[in-house]
Amino acid sequence: MNKKDFPLMFERSKEGRTSYSLPELDIPDFDLDADIESNYIRTTPADLPEVSELDIMRHYTGLSNRNYGVDSGFYPLGSCTMKYNPKMNEDVARFDGFSHIHPYQGTESVQGAMEMMYDLQSSLKEITGMHEVSLQSAAGAHGEWTALMMIRAFHEANGDMNRTNIIVPDSAHGTNPASATVAGFKAITVKTNEKGLVDLDDLKRVVDEKTAALMLTNPNTLGLFETEIIEMAEIIHEAGGKLYYDGANLNAIMGYARPGDMGFDAVHLNLHKTFTGPHGGGGPGSGPVGVSEELAAYLPKPLLTKKDEKYVFEYDRPSSIGRVKPYYGNFGINLRAYTYIRTMGAEGLKKASEYAVLNANYMMRKLQKEYDLPYDQHCKHEFVLSGKRQKKLGVRTLDIAKRLLDFGYHPPTIYFPLNVEEAMMVEPTETESKETLDAFIDSMLAIAKEVENNPERVQEAPHNTIVNRMDETLAARKPVLRYQK
Ligand SMILES: *Cc1c(COP(=O)(O)O)cnc(C)c1O
């Protein structure tokens with residue numbers, strides 16, 4: 001059946017049809033009028049679909065088929081690391097010993113779960129090269145904010161009350177300036193140079209005694225490794241500021257480079273990206289924070305530690321910024337990340353980085369034939385193309401993204417980073433096969449040809465989806481969220 005023709009529950013409804021069969025009543029029947037106050041008794045029947053169990057099954061299965069996820073197809077959404085989420089993680093997350101415990105149980109009775117979290121903290125310390133890690137923060141942006149609050153507490157503890165500025169590159173993820181603002185700082189922009197890296201001269205210009213920290217994403221949002229990172233660390237530290245590493249996208253450097261070794265004071269990781277937590281639709285995430293020895297006292301409390309061979313939540317932490325999340329983070333996502341790290345092992349994580357970088361470079365070089373590549377150098381886990389050439393022919397990047405839906409793909413991230421015109425940010429991830437990469441490349445090249453020969457076809461896309469081109473402003477401002485008969 002064509003996906004478009006798929007009837008919904010109300011359209012399947014036939015008067016009198018039910019999806020249950022009950023034995024005959026063998027107790028006195030309920031007396032509606034006697035047992036319920038009259039104003040609660042409805043006078044017209046509820047407008048519900050009358051369907052069989054099979055109809056219900058097909059309705060929901062049909063709806064699930066309309067969804068698109070990593071399990072259904074290629075999802076090269078840059079900066080989001082839509083890699084495969086191994087199903088072993090799901091099995092482990094459902095172990096009774098993990099899924100049937102209660103967050104208010106005494107710690108004596110949940111030592112196993114605490115051991116898992118402690119070991120995960122230890123692994124993340126090793127992966128990042130940081131002194132201490134807390135799993136409390138629930139997402140990347142939350143981790144950023146948590147770390148900035150710690151940096152703030154550090155400066156205040158030193159009587160350094162005038163450090164009001166956080167320096168953020170113009171290519172940064174939008175959450176960086178937002179977290180800085182929410183943490184009570186002012187976000188100051190530092191420019192990107194012609195190589196797509198932080199401009200050191202501009203950095204020197206904006207650094208001063210008001211600098212609280214530099215927030216840096218590395219590899220940056222252009223998918224490029226910041227080669228002058230040691231120099232940047234020196235500039236910031238000399239000015240008395242701290243270095244914050246946005247480690248949401250660690251997929252290119254796991255096992256190869258560590259923020260701690262680069263001189264960073266704080267880092268957050270997105271376990272729902274690099275470490276295979278499923279994260280479509282804004283579901284639960286996990287954004288652990290790692291810090292240097294100097295900042296460790298400010299970590300959120302409680303901190304999970306080990307004392308006399310027992311796992312404990314340490315509350316006696318007078319300099320702590322306090323609790324940032326109920327319980328101790330999103331346990332289920334942390335457990336999936338732990339399972340992933342254990343199944344991959346150190347060598348496996350390194351290999352994952354290698355393949356992520358290899359896949360991205362392979363695709364970048366193939367697509368460069370038809371799409372502009374503003375920063376032409378080796379990329380890390382992702383790369384950014386520009387649809388400038390196509391725009392000259394009247395086709396925008398948005399049109400290309402919509403056309404990709406017809407080919408059965410989730411499009412790349414578009415119009416981000418902001419410093420690339422008509423940007424398309426592609427992140428293939430290491431879990432895709434060469435065949436999948438090649439098929440996507442062929443589709444992208446075919447669309448580029450269409451732009452030249454039949455631009456209307458692209459401008460009017462998508463053609464094969466359940467809904468066609470939407471008025472996105474209207475959809476955002478006046479969303480229709482309920483089924484309309
Ligand atoms: C995804 C991402 C974030 C934000 O993470 P959330 O979990 O969505 O809050 C921050 N920085 C970068 C570079 C990211 O890719």
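Nothing here was measured: the structure is a model prediction, and the numbers come from that model. Just so you know, ligand 1 is whichever comes first in the structure, and atom 1 is the first atom listed for that ligand. Atoms considered below: every heavy atom in the structure, side chains included; atoms not considered: hydrogens, waters and symmetry mates.
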Q) If you measure from each heavy atom of His142 to ligand 1, is any distance below 4.0 Å? A) no
Between His237 and Asp265, does any side-chain donor sit less than 3.5 Å from a side-chain acceptor?
-> yes
among protein heavy atoms, the one nearest atom 11 (N) of ligand 1 is Asp246 OD2, 2.6 Å
Using a plain distance cutoff, I'd like to know if Thr217 has any nitrogen or oxygen under 3.5 Å from a nitrogen or oxygen of ligand 1.
no
Note: ligand 1 atoms sitting under 4.0 Å from heavy atoms of Ala139 are 7 (O), 9 (O)
| With no hydrogens and no angle check, do the side chains of Asp119 and Tyr311 hold a donor and an acceptor under 3.5 Å apart? | no
* Between Glu422 and Tyr415, is any side-chain donor less than 3.5 angstrom from a side-chain acceptor? -> yes
Quick look: His272 vs ligand 1, heavy-atom contacts under 4.0 Å, and the answer is side chain
Closest to atom 14 (C) of ligand 1 among protein heavy atoms sits Lys273 NZ, 2.9 Å
shortest atom 6 (P) of ligand 1-to-protein heavy-atom contact is with Gly140 N, 3.4 Å
*Decide whether an N or O pair under 3.5 Å exists between His268 and ligand 1.*
no
*Under 4.0 Å between a Lys/Arg side-chain N and an Asp/Glu carboxylate O for Asp399 and Lys402?*
no
For ligand 1, is there an N or O atom under 3.5 Å from any N or O atom of Asn176? no
Per-atom filter on ligand 1: closer than 4.0 angstrom to a heavy atom of Glu144 are 10 (C), 11 (N)
Q. Do any nitrogen or oxygen atoms of Thr221 come within less than 3.5 Å of a nitrogen or oxygen of ligand 1?
A. no
Quiz prompt | Min N/O separation Ala141 to ligand 1 under 3.5 Å | solution = yes
(message) With no hydrogens and no angle check, just 3.5 Å: does a side-chain donor-acceptor pair link Thr276 and Asn85?
(response) no
Exercise for the section: State whether a side-chain donor-acceptor pair under 3.5 Å links Asn251 with Glu430. Expected result: yes
among protein heavy atoms, the one nearest atom 5 (O) of ligand 1 is Asn270 ND2, 3.0 Å
Is Lys195 close enough and on-axis enough to Tyr375, meaning under 6.0 Å and within 45°, for cation-pi?
no
Practice problem: Kindly assign one of parallel, tilted or perpendicular to the pair Phe74 and Tyr409, based on the angle between their ring planes and the thresholds 30° and 60°. | Solution: perpendicular
